Structures are given as C-alpha cells and as structure tokens.
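We number each residue from 1, following the sequence as shown. From a predicted model like this one, the values you see are computed outputs, not experimental measurements.
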Amino acid sequence: GPDAEPNELGESWLGCVKVYRVSTDGNEPRAPRPRPSQCLAPPINRPILPAVLDIREIRDNPEHVRERLATRGEDFAAKVGDVVRLDAERREAITAVEELKARRNSASKEIGALMGQKKTEEAEAKKTEVRDIGDQISALDSQATQADGELRDILLRLPNLPHADVPVGDSEDDNMEIRQWGEKPSFDFDPKPHTELCESLGLVDFARGAKLAGSGFLLYSGWGARLERALIQYLLDLHVHEHGYTEVSPPFIVGYDCMIGVGQFPKFEDQAYMVQEGLDEESRGKLYLVPTAEAPVANIHREELLKAGELPKNYCAYSPCFRAEAGAAGVGTRGMIRVHQFDKVELIKIVEPETSYDELDKLLGHAEKVLQSLNLHYRILQLCTADMSFGSATTYDIEVWAPGQGDYLEVSSCSNCEDYQSRRMNLRYKDADGKNRHPHILNGSGTALARLFVALIETYQQPDGSIAIPEPIQPYLRADRIPAS
C-alpha cells in the first residue's frame, strides 16, 4: 500500500565521473499557524516510494486539498479526482483479494476433508474452484499493483499544500513584502556593477571560467578566491558558535532517493546534473550533483525512526551547488547573478510539528543575522502560493540590495516544508506518548553566494576603486580592504 517502506538503492560512487543534464516528460493534522535538454539517460527501474501528501487527508477531505492545490497553479487540483479514484480502486481490489483468499483457504480445507471421505469427484470440483479463485486473485493483484503505481506517480508530482496564512497569488508579483532592514547605501560617485569591479580588481575571471567549464561557471582568483573562502568560513562559524547548529560536511553527490525525498525529483529532473561512473552507462540516473546541501543534509535521517527526545536537530553545511537551469535573458545572465555552480551554506531543522513555525521564525532570524552583521540593506518577502518552492508550505525570501545592479538579489529562502519531505523520505520520530509521527523539516540559506559576494563588493566599493571589508570578515581575510588595481 501507499504507506509501505521505501526500497533502499544502496549504490555507491567510486572513481571518475561523467556529468549529464537530464530531462523528463513530464496527515497527521496540520500544525497551526534548466533548462530542458535531450535526456541522455536510458530508462531505469525506479524504487517504490511512499506517498507524499497524506493519502488519508486526500481521501477524507478531497475538496479542501483540491482548493489548496488550485492556488499553486498548473493543473495540480485536477489530479485530486484521479488520486481519489485510484485509491478507491486499489483498496477495493485489496479487499476483494482478502475475501477471495479466505474463500480459497476454506475450500482448501474442504478438499482435505472430502479426500478423507473418499469423495474424489467432489474434491476435484473443489480443486477447480480453488484454481479459479487463484486466477481471480492474480488478476486483482495486477489491478491493485497498476492502480498503486499510477497513484504513486501522481502523488510524487503533487506539490505541498500551502499553509492557510500564505498569500494567494499567480506569480512573484503577488509576493508580500514583510519588512526591510537598514538603509540603501549612498555614494558620491556612480557605483560600478560587480562585473566591472571583478574585472578591474582581478577577483573573478569570467572568460577563463567559461573556457574551463562553459558559460555559467566562475573562476575566482586572488582576492576574489580569498574573499569567497572567508565568507564561507564566517557563515559556518556564525551558525555553529552563535546559533547552535551542528556542522556537517556532506557528500556533494546524492542518490535518486535523496532527490525524491526533498522534492527535487521527479518535478525538476531537467535542472539536475546527472553523474556517470566512468564508462559505465548503466550507472546513469542513480547519482546526481547536489543542487543544494539540503538534498544530502535533510536526508541524513531518511528511513529512520528517531527516539523520543532526539528532536530538534539543527544542521548547517557548506556545499557547492550545481544547477543546469538556464539564466534569464538580459543583464542578469552576465557575471555572477545566475550561474550553474555557486557556493552556499545551508541550514536544516528537523523539529516536532507543534514547534515548526516558531522554529521557522528562528531560522529566518539566523539568516538575517548574516546580513545585519555585514550591515547590508535587505528586505523580506513572503512568497505567494504560486511562487513557493515545490515542497514548501510557507516560504520567506531575503533579498539583499546590490547598488551596482540597482536591484534586490535573493540570497536566502527560508521554508517550512511541514511533513511533506519527511513523508517522502519515510522519516519518523516517536513522540512523548510513544506514537510514531512524521517530523517537520525546515530549510534555509544561511546564506547563498555568489550573490552575497556581489552585494558586498558593490556596497563597499570606494571612490579609489578599492573594496572596504566589513569588520566581521577582516579576521578571515586578514585584511581590511581589497586594494585598488
């Protein structure tokens, strides 16, 4: 049934790799409060995975689910009727199979009794009946298996239900500004965009980065490489020592199940970089470069039953992030705004459902602290239903001001996925009453580079062409400014 344990693939990665872009065709009561390109992967057998949205909620409250999914756009709401129908077909077939098995068991016992009484003809008739019942069971098993497969495929492609407090909207234009912090910096000269600063100071070599790996890849150099490393180290230290997170250093390659678990797959397979083990083409479709550290870190306890009292769990991790999505046309595609590889420090919380929205406020505050400590002006948006990530129930974006761009840049997205991801990865915990429940999983960028890098050098550029360094970064960079060329 849909609540069955997921299969474990258990593949490992060894040796050299090849990387491909991929494309495809295609509860408990809720707590209050790329680009498409030619698919290079041969078809492979996917593991059977658990349902995502709570099938009982859809079964008992289909109109409520349909109403909430309608706010997410696309045709998600139209799939609710298919889910209800397939669930009913599967349950009816299973019930019929159980009834037929009881009849077969009873008939089998009668055969033994008839044989003991030397009633051979009647016994043979019963054997024929048992064979017929077996054929009916096989047919019904096939029907149940088919309905179950279709049901799982639909459920894996349905997004999370938005929280009732999320503003309903059709696009990013309907996102709601919550607040701003700080002031936009003023200059007595025309601030340069980061592309000019990087080129004049030798911070990033865009041409050679493209030569090495193609467009959308960066080659940090000299002071630029040192600043990127300093920012990463500062972010990790801030979250570990001041905010109490446990630092982990995860693999930068994950299995297909991990991508399913966080909601990246099957919806966003066209934005992933697929890995091939050496020349072994059969290994395609098993391993992927991480799009964010959320993929490995949120899955640390996948398929586990955590003991009472083990929650909350708070993790932070650095990773490079690899995304095959195409950049938008225009200025944003030049430089560091939209790239295929960038660095990020990720924050993950695994918490009890009753505390998850309080924990979301804390998570948001921890991401804000990064920008406040660097005295960078920013604003916070609550994303509308149509603009939230696939697995999110509530999302807040933090956008930092980049004066050289004359615009805000997203550097953090803080989301409460409620139990959507824990259901996909079959993660449970035992609560104080001994009941097995799905925890809520939260994720947030704490924060993303290269856009933090962009905002910092554009904000702190000086009239002589140098870059002043905010005080918290100076010990890591061992300098108070990047000198002019």
For Pro62 against Val84, the heavy-atom pair lying closest together = CB-CG2, 4.1 Å

Mark yes when over 12 heavy atoms from residues, nucleotides or ligands other than Lys313 sit less than 6.0 Å from its NZ; otherwise mark no.
-> yes

Heavy-atom donor-acceptor pair, Ser412 side chain to Ser445 backbone, under 3.5 Å = yes

Hey, is the main chain of Gly446 close enough, under 3.5 Å, to the side chain of His239 for a donor-acceptor pair?
-> yes

Check Pro320 against Asp343 and note the closest heavy-atom contact, atom names and distance.
-> CA-OD1, 3.9 Å

Backbone N or O of Pro353 within a donor-acceptor pair of the Ser356 side chain at under 3.5 Å?
-> yes

Salt bridge (Lys or Arg N to Asp or Glu O under 4.0 Å) partners for Lys362, two or more places apart | Glu359

Using distance alone, with no hydrogens and no angle criterion, decide if Tyr396 and Ser413 have a side-chain donor and acceptor under 3.5 Å apart.
-> no

Flag side-chain contact, heavy atom, 4.5 Å: Tyr315 against Ile300 = yes

How many angstroms lie between atom CG of Asp419 and atom NE2 of His440, to the nearest 0.5 angstrom?
-> 4.5 Å

Could you check whether the rings of His340 and Phe217 sit parallel, tilted or perpendicular, using 30° and 60° as the cut-offs?
-> tilted

Heavy-atom side-chain proximity of Thr246 to Cys316 below 4.5 angstrom = no

Aromatic rings Phe265 and Tyr256: how do their planes relate, parallel, tilted or perpendicular, breaks at 30° and 60°?
-> tilted

Is the backbone N or O of Lys435 less than 3.5 Å from a side-chain atom of Asp433, with the two atoms forming a donor-acceptor pair by type?
-> no

Check: Tyr234/Ser373 side-chain N/O donor and acceptor closer than 3.5 Å = yes

Determine, for Glu63 against Arg66, whether the closest basic-nitrogen to carboxylate-oxygen distance falls under 4.0 angstrom.
-> yes

Euclidean distance, Thr447 OG1 relative to Leu235 CG, rounded to 0.5 Å = 5.0 Å

Find out whether Leu158 and Leu155 are in side-chain contact, i.e. whether some heavy atom of one side chain is under 4.5 Å from a heavy atom of the other.
-> yes

Looking at Ala93 and Ala144, what are the two nearest heavy atoms and their distance?
-> CB-CB, 3.9 Å

Listed partners of Glu352 passing salt bridge (Lys or Arg N to Asp or Glu O under 4.0 Å), at least two apart = none

Side-chain heavy-atom pair Ile350, Leu442 within 4.5 angstrom cut-off | no

Return yes if a side-chain donor-acceptor contact under 3.5 Å exists between Ser392 and Asn160, otherwise no.
-> no

Just how far is it from atom CG of Leu363 to atom NE2 of His243, taken to the nearest 0.5 Å?
-> 10.5 Å

Any chance you could measure Asn416, atom CG, to Thr395, atom OG1, to the nearest 0.5 Å?
-> 8.5 Å

Apply side chain to side chain donor-acceptor pair (under 3.5 Å) to Thr292 and list each qualifying residue two or more places apart in sequence or on a separate chain.
-> Lys344, Glu346

How about Lys430: does its NZ atom have over 12 heavy atoms from other parts shown lying under 6.0 Å from it?
-> yes

Taking atom CG of Asp170 as the centre, does the number of heavy atoms from other residues, nucleotides or ligands within less than 6.0 Å exceed 12?
-> no

Is any side-chain heavy atom of Leu306 less than 4.5 Å from a side-chain heavy atom of Leu427?
-> yes

Going by heavy atoms in the side chains, are Glu418 and His163 under 4.5 Å from each other?
-> yes

Can Gln233 and Asp237 be counted as having a side-chain donor-acceptor contact under 3.5 angstrom?
-> yes

Under 3.5 Å side-chain donor-acceptor pair for Asn436 and Tyr429 = no

Judged by atom type as modelled, is there a donor-acceptor pair below 3.5 Å linking the side chain of His438 to the main-chain atoms of Arg428?
-> no

If only atom types and distance count, is the side chain of Arg451 paired as donor or acceptor with the main-chain N or O of Val411 below 3.5 Å?
-> no

Check for a donor-acceptor pair, side chain of Asp387 on one end and backbone N or O of Leu383 on the other, with a separation under 3.5 Å.
-> no

Thr385 side chain vs Gly169 backbone, donor-acceptor pair below 3.5 Å | yes

Taking only residues two or more places apart in sequence, or in another chain, which ones meet Arg379 in a side-chain contact (heavy atoms from CB on, under 4.5 Å)?
-> Glu177, Gln180, Leu381, Glu399, Tyr408

Within the side chain of Arg104, is there an N or O that forms a donor-acceptor pair under 3.5 Å with the backbone of Asp132?
-> no

What's the verdict on side chain to side chain contact (heavy atoms under 4.5 Å, CB included) for Asn314 and Ile348, showing C-alpha distance, side-chain angles and the deciding distance?
-> CA-CA 6 Å; Asn314 302 298; Ile348 296 292; over 6 Å; no

Does Val370 reach the side chain of Tyr378, with side-chain heavy atoms less than 4.5 Å apart?
-> no

Check the pair Asn443 / Leu347 against side chain to side chain contact (heavy atoms under 4.5 Å, CB included), numbers first and verdict last.
-> CA-CA 6 Å; Asn443 67 79; Leu347 306 175; over 6 Å; no

Among side-chain atoms of Gln276 and Glu282, is any donor-acceptor pair under 3.5 angstrom?
-> no

Ring centers of His194, Phe453 separated by less than 6.0 Å | no

Applying salt bridge (Lys or Arg N to Asp or Glu O under 4.0 Å), name anything that partners Asp82, two or more places apart in sequence or on another chain.
-> Arg85

Non-neighbouring partners of Asp153 that pass salt bridge (Lys or Arg N to Asp or Glu O under 4.0 Å), sequence neighbours left out | Arg157

Nearest heavy-atom neighbours spanning Val339 and Gly216 = CB-O, 3.3 Å

Taking Gln405 for the side chain and Asp407 for the main chain, is one N or O donor matched with an acceptor at less than 3.5 Å?
-> no

Could you grab the distance from atom CD of Gln264 to atom OH of Tyr288, nearest 0.5 Å is fine?
-> 12.0 Å

For Arg302 and Cys258, run side chain to side chain contact (heavy atoms under 4.5 Å, CB included): C-alpha distance rounded to whole Å, both residues' side-chain angles, the deciding distance at 0.1 Å, then the answer.
-> CA-CA 8 Å; Arg302 180 167 60 90; Cys258 288; 4.1 Å; yes

Atom of Ala317, atom of Val248 and distance for their closest heavy-atom approach = CB-O, 3.3 Å

Going by an N to O cut-off under 4.0 Å, is there a salt bridge joining Glu57 and Arg68?
-> no

Note: Gly335 and Phe206 closest approach over all heavy atoms is CA-CE2, 3.5 Å

To the nearest 0.5 Å, atom CG of Asp257 lies from atom CD of Glu303 at 6.5 Å

For residues Thr459 and Pro403, determine if any side-chain heavy atom of one lies less than 4.5 Å from a side-chain heavy atom of the other.
-> yes

Do the charged groups of Glu98 and Arg103 touch, with an N to O distance under 4.0 Å?
-> no

